[in-house]
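A short write-up of the structure that comes next.
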Amino acid sequence: MKKSENQTTLTITGAEAVVKSLLEEGVKDIFGYPGGSIMPVYDALYDYHDQLHHILVRHEQGAIHAAQAYARVTGKAGVCIVTSGPGSTNLTTGLADAMMDSTPVVCISGQVAAGLLGTDAFQETDIIGISMPVTKWNTQVTKAEDIPAAIAKAFYIARSGRPGPVLVDITKNAQFGKLEFSYKPCTFIRSYRPFIEPDISAINQAADLINNAKKPYVLFGQGVILANAEEEFKKFIEKGDIPAAWTLLGLSALPTNHPLNVGMLGMHGNYGPNLLTNECDVLIAVGMRFDDRVTGDVSRFAKQAKVIHMEIDPAEINKNVKADVAIPGSVKDTLPLLTERIKQGNHTEWIRQFRDLYKIEYEKVISKVLHPESKGITMPEVIHLLAEKTEGDAILVTDVGQHQMMGARYFRFNKTRSLVTSGGLGTMGFGLPAGLGAKIGSPDRTVITIVGDGGFQMTMQEMGTIFQTGAAVKIVLMNNNFLGMVRQWQELFFDKRYASTELINPDFIKLSEGFRIPAARVSERSKLSEAIDTMLAHQGPYLLEVMVEKEGNVFPMVPAGAAVSEIMLEPKKS
């Protein structure tokens, strides 16, 4: 140990420096999988097991999806550690998913010794080159003394501005090497400007547009949640009396039952929010990026409206939809400035239009799936029951497909950070490991993971992780023996030519029991409520397989390439 006038330094290995750096950043939980090139770090972790909780996943993809969910429910950066070669390449899907969905994740990968780089050594892969397009930042560390600064920079970049995934690749010699450890959190990087000063002139322009609007309309996304701006957002829409519709990832920023919450936008969103997008006179986009699933045919999207775009990432402004007024910056900062400049609004008649269109949607779509005449159980009635029994207080985690859209449409949310799903990338296999990560991040909340029979089989090995950790994840497996969303498209647009979408499945109950997780199957509506009660009452993890109708569809639907105002409430008659 050496002392200087200002601080005490400790000579340790690079591997221990990784662990101590994580502790300095307040990390408590890590998802990972050991291997040769990261073994020194795992050896160092052995002495810190009482301070760092390591969750041993069954596949590296499971590690990063769990870390993503952990980040989404806690607001902290998720952390995962893997080895080189296939260990790091198995992160790639999760990195792309986190990049698309602005999720702060810090990934640490082991790498072969610096002297072997470029020799095609055993389990050597250029993960820096591979991951560059799907990370916010990445770096390779070849010297022990550079480890603390690299990790500090990684956390700063992952969490600041528009969040995203970062990757720190550390060679094995750097892990074995020695350094005098001291840690300084990163708060500034030259040429990186994550914080944008509010443009008061633009905010004044936006206020003038809103104050003179007859039909103002807010579209809000995950930016509200990422900025922890839920209260600021609510004050804004309440003062303006402005109807607000959410993107998939914006769901839960505003309680479902809030009187100004008019529903979901996009391909499988609600009837009114889509139809009236092309009737509003001022469109205020708050923390959302106008992706194609929201806009439909962008050339016919809200052409009649003046567009105000409030967004932390300047690159997203004017990318898909031209803004008449651009307000870059965190909505945590810009929304209060806009709120104080707008007048108290009264748009009762305009809001009533949304309610009237909801009545039409309820009659033609919602009532038919919540109270079906058919014998088969529908996905919406399962999700509606789950919402009722958890009183809107649960965290809902989904995989990708029909059940994902049904979950967004029919679950209910009272609290923010309550929906965890793969938005931009649409990653099948996300749901099960994400359910684990959500439960580790929020152990005191009920976590329900709904999965389809297709996506479940992509990462079902994480049942082993759930059993080993004891994480009380409630898994609802919607089994229709189909890749349901693909089948729906084949039915509607490919003349019911069901090419490679019907599944011959294993016995999921025996599979779950093989992982020593209690399970039950229900196929009769009369037994569904009791089966859900049993699952929710169980103290540990539980799998409930629900046999749902084989050819159920998600409606409304905006067909690919159509305008949002061309939303379909039912299939077109041939």
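Since the model is a prediction, treat every value here as computed from it, not as a measurement.
- Checking Glu545, Met463, Met478 one by one against Phe456, the side chain to side chain contact (heavy atoms under 4.5 Å, CB included) holds for a single residue, Met463.
- Without hydrogens or angle criteria, Thr449 side chain to Leu432 main chain gives no donor-acceptor distance under 3.5 Å.
- Applying the side-chain hydrogen bond (donor to acceptor under 3.5 Å, both in side chains) definition to pairs two or more places apart or across chains, those involving residues 77-89 are Ser37-Ser84.
- Note that CG of Leu544 is 5.5 Å distant from CE of Met535, once rounded to the nearest 0.5 Å.
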Margin query: Go through it in stages, so that I can follow the logic: the residues are Leu536 and Ile448, the test is side chain to side chain contact (heavy atoms under 4.5 Å, CB included), and I'd like the CA-CA distance, side-chain angles, deciding distance and then a yes or no.
Written below: CA-CA 9 Å; Leu536 293 174; Ile448 298 172; 4.2 Å; yes
Checklist line | Residues Glu551, Lys496; criterion salt bridge (Lys or Arg N to Asp or Glu O under 4.0 Å); working and verdict | finding: CA-CA 11 Å; Glu551 296 184 86; Lys496 295 189 176 182; 5.5 Å; no
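- Counting non-hydrogen atoms of neighbouring residues, nucleotides and ligands closer than 6.0 angstrom, the CZ atom of Phe122 reaches no more than 12 such neighbours.
- Counting non-hydrogen atoms of neighbouring residues, nucleotides and ligands closer than 6.0 angstrom, the CD atom of Glu363 reaches no more than 12 such neighbours.
- Here the NE2 atom belonging to His258 is positioned 12.5 Å from the CG atom belonging to Asn414, to the nearest 0.5 angstrom.
- Under a 3.5 Å cut-off, the side chain of Asn274 and the backbone N or O of Leu265 do not form any donor-acceptor pair.
- In this structure a side-chain-to-backbone donor-acceptor pair under 3.5 Å is present from Asp399 to Phe430.
- Paired with Pro556 under the rule side chain to side chain contact (heavy atoms under 4.5 Å, CB included), one option of Glu570, Glu361, Met568 passes, and it is Glu361.
- What you find for Leu95 and Ser131 is that their closest heavy atoms are CD1-CB, 3.9 Å.
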Margin query: Ile151 vs Val18, test: side chain to side chain contact (heavy atoms under 4.5 Å, CB included). Steps then yes/no.
Written below: CA-CA 8 Å; Ile151 291 177; Val18 171; 4.1 Å; yes
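- Here CD of Glu60 is found 12.5 Å from CD1 of Ile81. Values are rounded to the nearest 0.5 Å.
- Here the CZ atom belonging to Phe508 is positioned 5.0 Å from the CG atom belonging to Leu477, to the nearest 0.5 angstrom.
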Checklist line | Residue pair Lys20, Glu24: steps toward the salt bridge (Lys or Arg N to Asp or Glu O under 4.0 Å) verdict | finding: CA-CA 6 Å; Lys20 292 181 76 67; Glu24 290 281 352; over 6 Å; no
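- Between Ser529 and Lys389, the side chains place a donor N or O and an acceptor N or O closer than 3.5 Å (distance only, hydrogens not considered).
- Residues Cys107 and Leu91 come closest through the heavy atom pair CB-CD1, 4.0 Å.
- Heavy atoms only, all atoms of each residue included: Phe482 and Lys550 are closest at CD1-O, 3.5 Å.
- Here CD1 of Ile170 is found 7.5 Å from OG of Ser109. Values are rounded to the nearest 0.5 Å.
- When each of Asp101, Thr93, Asp97 is checked for a side-chain hydrogen bond (donor to acceptor under 3.5 Å, both in side chains) with Thr427, only Asp97 meets the rule.
- The heavy-atom pair separating Ala69 from Val420 by the smallest distance is CB-CG1, 3.7 Å.
- In terms of heavy atoms, Val397 sits closest to Ala434 at CG1-CB, 3.6 Å.
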Next item on the list: Kindly indicate, with the supporting measurements, whether the criterion side chain to side chain contact (heavy atoms under 4.5 Å, CB included) is fulfilled by Leu22 and Ile30.
Entry: CA-CA 10 Å; Leu22 294 175; Ile30 306 169; 3.9 Å; yes
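- Looking at Arg487, its side chain does come within 3.5 Å of a backbone N or O of Gly552 through a donor-acceptor pair.
- Checked by atom type and distance alone, the side chain of Arg412 never pairs as donor or acceptor with a backbone atom of Glu391 at under 3.5 Å.
- For OH of Tyr33, the number of neighbouring non-hydrogen atoms (other residues, nucleotides, ligands) closer than 6.0 Å is 12 at most.
- A distance of 8.0 Å separates CZ in Phe493 from CD in Gln488, rounded to the nearest 0.5 Å.
- Atom OH of Tyr498 has more than 12 heavy atoms from other residues, nucleotides or ligands within 6.0 Å.
- Side-chain N/O atoms of Thr421 and Gln404 include a donor and acceptor closer than 3.5 Å.
- The aromatic rings of Phe233 and Phe220 lie tilted to each other, with the angle between the two planes from 30° to 60°.
- Among all heavy-atom pairs drawn from Ala394 and Ser418, the shortest one is O-CB, 3.8 Å.
- Aromatic rings of Tyr410 and His384 (six-membered ring for Trp) have centroids beyond the 6.0 Å cut-off, not under it.
- Here the side chain of Lys136 pairs a donor or acceptor atom with the backbone of Arg162 at under 3.5 angstrom.
- A distance-only check finds no donor-acceptor pair linking the side chain of Lys368 to the backbone of Pro372 [under 3.5 Å].
- Judged by distance alone, with hydrogens and angles left aside, the side-chain atoms of Thr378 form a donor-acceptor pair with the main-chain N or O of Val369 at under 3.5 Å.
- Glu462 places a side-chain N or O within 3.5 Å of a backbone atom of Arg58 that can act as its donor or acceptor partner.
- In Glu530, the CD atom is not crowded: 12 or fewer heavy atoms of neighbouring residues, nucleotides or ligands sit closer than 6.0 Å.
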